[in-house]
K.L.:
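Here it is, the structure, as structure tokens.
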Amino acid sequence: MYLAYALAPPLCWGCGGPARRREPLCGRCRGSLQRLAGEPVSLSGVSVWAPMAYAGPARDLVRALKFRGARGAADAMAAQMAANAPPGLLDDVLGGATLVPVPLHPRRLRSRGYNQAAEIALALARRTGLELADCLVRSGGGATQVGRDRAERRAGPHGAIATCASPRDSPVAGAPARVVLVDDVVTTGGTLAACRAALLAAGSEDVAAVAFARTLGR
Ligand SMILES: [Zn+2]
């Protein structure tokens, strides 16, 4: 799965200098990651926790995963999330939440070949033992303004988000009761709020969110 990454020369995605194999960042860039306080914050009504500020090497890592095909970076992000999450969020003390990746617009999924949020969620599921349900879909919006028809523009910048009838990769029937949404970066939380609304409408009872990085100062 990570063949391309494993064969690539081990260079740091932050500074381009040498990095250890399977480490997407060199020691210096890892050391300059801006860690956030442990507590979740509320964004657009969703409780969101992220271990890193979206700046410097954390931003480089997100961009590498999103735009440069560095799928191996997802596991490094998941490692940071799993190691630093507040108690109860990503462990199964309370019966365990189900991880649900924020969906990518189908057009972007086609051009990118994978959903970066789903890559992180998969790595996080492997590390935490939590269930994964890729049970949200996005339509309309989400893509560039060019070529959007009127219905898509009405759906807003996040597009319309809904639960899908038969979740991929899911052993869970219907919407899971307790959900932790997974995304790479969170800014306003608008997309997370749309995901949460869709899940609550489908029967979920509790929907929180984690992201690798959070944009500060907005
Ligand atoms: Zn570096």
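When a ligand or atom number is given, it counts from 1 through the structure's own listing order.
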K.L.:
Could you list the residues that satisfy side-chain hydrogen bond (donor to acceptor under 3.5 Å, both in side chains) with Arg28, not counting sequence neighbours?
P.N.:
none
K.L.:
For the atom pair CZ (Arg196) and CG (Leu181), what is the distance rounded to the nearest 0.5 Å?
P.N.:
9.5 Å
K.L.:
Please indicate how many protein N/O/S atoms are found closer than 2.8 Å to the Zn ion (ligand 1), with waters neither displayed nor included.
P.N.:
4
K.L.:
Do Arg71 and Gln116 get their side chains close enough for a donor-acceptor pair, meaning under 3.5 Å?
P.N.:
no
K.L.:
Please determine if Arg126 and Asp75 form a salt bridge, counting it only when a charged side-chain N lies under 4.0 Å from a carboxylate O.
P.N.:
no
K.L.:
Which pair of heavy atoms, one from Ala198 and one from Ala162, lies closest together, and at what distance?
P.N.:
CB-CA, 4.1 Å
K.L.:
Atom CG in Leu216, atom CE in Met52: separation rounded to 0.5 Å?
P.N.:
12.5 Å
